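Here is the structure we will look at, set down as structure tokens.
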Amino acid sequence: MTPNIRPLVAGNWKMNGKRDALGVVKQVADASDRDSLSKIDALLCPPATLLYVATTLTEDSALNIGGQDCHTNKSGAHTGDISAEMIADCLGSHVIVGHSERRTDHGETDAMVKEKAHAVLASGLKAIVCIGETEEERKSGKTLDVLKTQLAGSVTDKATAENTVIAYEPVWAIGTGLVPSVEDVTEAHAFMRAELVARFGEAGQNMKILYGGSVKPNNAAELMSILNVDGALVGGASLKADDFIAICEATASVA
Ligand code: PEP
């Protein structure tokens with residue numbers, strides 16, 4: 001954790017979840033109002049098909065609902081895409097941009113991610129900008145170089161501590177059960193903090209930096225205790241209400 005930063009635990013459902021998964025949203029929404037979770041923010045990013053129903057279900061709770069991606073434009077001839085404006089219209093609060101699966105499956109570059117982040121901020125929403133090294137890059141000692149390049153290339157100059165969240169997700173840790181060592185997470189997050197401060201000054205000091213990659217109830221407290229880790233981006237474990245709530249509780253317990 002970073003002193004004075006309110007942690008965020010965000011769940012990314014990816015291409016999972018049909019209408020019967022709305023019960024999970026409801027359970028997490030109910031839990032989000034617990035006193036024990038008053039020190040953190042919780043967010044679920046279901047598929048776009050469930051977004052509006054999810055925000056309707058959770059409007060009286062502390063749980064936020066967000067999108068997993070958006071187009072760079074507000075509207076237009078882009079079959080199959082959705083815009084940040086549409087997510088805002090569905091009462092979403094955040095949009096994830098630059099997830100490694102988007103970078104890999106859809107060839108998204110840092111420049112595209114930056115444009116998407118810009119579109120998110122222009123719609124009045126908060127961008128969660130994902131960065132992280134591949135296994136090969138880590139093995140060849142390039143992790144910090146990759147983070148430097150991706151931060152510079154994916155985060156817009158308009159970023160502030162209020163409108164932008166960074167999510168560090170080592171690609172090799174996503175969905176694999178592998179987690180970097182405490183030392184490696186500490187080094188990566190300290191490096192990102194220094195880069196953000198160098199570029200944004202005080203705003204960089206206050207910007208949330210999440211860790212993502214195989215966060216589970218049994219490792220969340222240790223990961224969230226690391227300096228400059230200001231919450232989690234959770235994939236698989238966010239599909240089960242009990243696991244996601246346990247990660248929220250673990251985060252709150254060290255906040
Ligand atoms: C993710 O996809 O952002 C992620 C971190 O997935 P998981 O928690 O399943 O590793």
Side-chain angles (χ1 to χ4, degrees), residues 7-17 21 24-25 28 40-48 50-51 64-70 87 92-106 108 110 113 116-117 120 126-135 137-138 143 146-147 150-151 154-155 164-182 184-185 188-189 192 208-224 226 228-251:
L8 170 68
V9 180
N12 171 17
W13 281 13
K14 314 187 184 194
M15 197 171 72
N16 295 296
V24 173
V25 173
V28 175
I40 69 155
D41 288 325
L43 167 75
L44 280 179
C45 300
L50 298 181
L51 192 64
N64 294 295
I65 300 292
Q68 298 177 10
D69 177 52
C70 67
I87 296 170
S93 59
H94 295 67
V95 185
I96 299 169
V97 292
H99 190 281
S100 73
E101 287 150 18
R102 299 290 315 174
R103 291 178 187 261
T104 306
D105 296 354
H106 300 271
E108 291 189 6
D110 284 333
V113 174
K116 288 183 176 207
V120 173
K126 298 175 202 296
I128 301 179
V129 181
C130 301
I131 61 172
E133 82 286 0
T134 62
E135 185 177 15
E137 288 163 342
R138 174 156 287 272
T143 297
V146 169
L147 297 183
Q150 291 189 336
L151 269 183
S154 304
V155 179
T164 299
V165 176
I166 309 300
Y168 168 54
E169 300 206 299
V171 177
W172 52 273
I174 295 177
T176 58
L178 301 172
V179 178
S181 67
V182 168
D184 287 343
V185 176
H189 279 247
M192 291 182 284
K208 294 186 217 300
I209 310 176
L210 312 184
Y211 168 78
S214 296
V215 178
K216 307 287 176 203
N218 63 3
N219 62 16
E222 182 179 41
L223 287 163
M224 298 304 111
I226 298 171
N228 293 306
V229 175
D230 309 313
L233 181 52
V234 183
S238 69
L239 292 163
K240 292 188 192 138
D242 289 347
D243 284 358
F244 188 69
I245 293 165
I247 292 169
C248 290
E249 291 282 9
T251 304

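Side-chain atoms are counted along with the backbone in the values below, which use heavy atoms only and exclude waters and symmetry mates. As the structure is a prediction and not an experimental result, all values here were calculated from the model. Atoms within each ligand, like the ligands themselves, are counted from 1 in listed order.
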Heavy-atom contact under 4.0 Å between G213 and ligand 1? yes
Which heavy-atom pair separates I174 from K14 by the least distance, and what is that distance? CG2-NZ, 3.6 Å
Just to confirm my output: which protein heavy-atom neighbour is closest to atom 3 (O) of ligand 1, and how far is it? E169 OE2, 2.7 Å
By ring-ring contact (aromatic ring centres under 6.0 Å, His included), F244 pairs with (sequence neighbours left out) none
Protein heavy-atom partner closest to atom 2 (O) of ligand 1 - residue, atom, separation in Å: K14 NZ, 2.5 Å
Side-chain touch I128/L43, heavy atoms, less than 4.5 angstrom: yes
By side-chain hydrogen bond (donor to acceptor under 3.5 Å, both in side chains), which residues pair with D110, not counting sequence neighbours? R103, S154
Would you say ligand 1 has an N or O under 3.5 Å from any N or O of I174? no
Nearest to atom 4 (C) of ligand 1, what protein heavy atom do you find, and at what distance? G235 N, 3.5 Å
Worked verdict on H99 versus E169 for side-chain contact (heavy atoms from CB on, under 4.5 Å): CA-CA 8 Å; H99 190 281; E169 300 206 299; 3.3 Å; yes
T176 N/O to ligand 1 N/O under 3.5 Å: no
If you measure every N or O of G175 against every N or O of ligand 1, does any of those distances drop under 3.5 Å? yes
When distances are taken from atom 1 (C) of ligand 1, the protein heavy atom at minimum range is H99 NE2, 3.3 Å
Backbone or side-chain N or O of G236 under 3.5 Å from ligand 1 N or O: yes
Does the side chain of I131 reach to within under 4.5 Å of the side chain of M192, using non-hydrogen atoms? yes
Please give me the minimum heavy-atom distance between A10 and L210, naming the atom from each residue. CB-CD1, 4.5 Å
If we set the cut-off at 4.0 Å for heavy atoms, which region of A173 has an atom near ligand 1: side chain, backbone, both, or neither? backbone
Parallel, tilted or perpendicular: ring planes of H189 versus Y211, cut at 30 and 60 degrees: tilted
Ligand-side contact atoms (ligand 1) for residue partner L233, heavy atom cut-off under 4.0 Å: 3 (O), 5 (C)
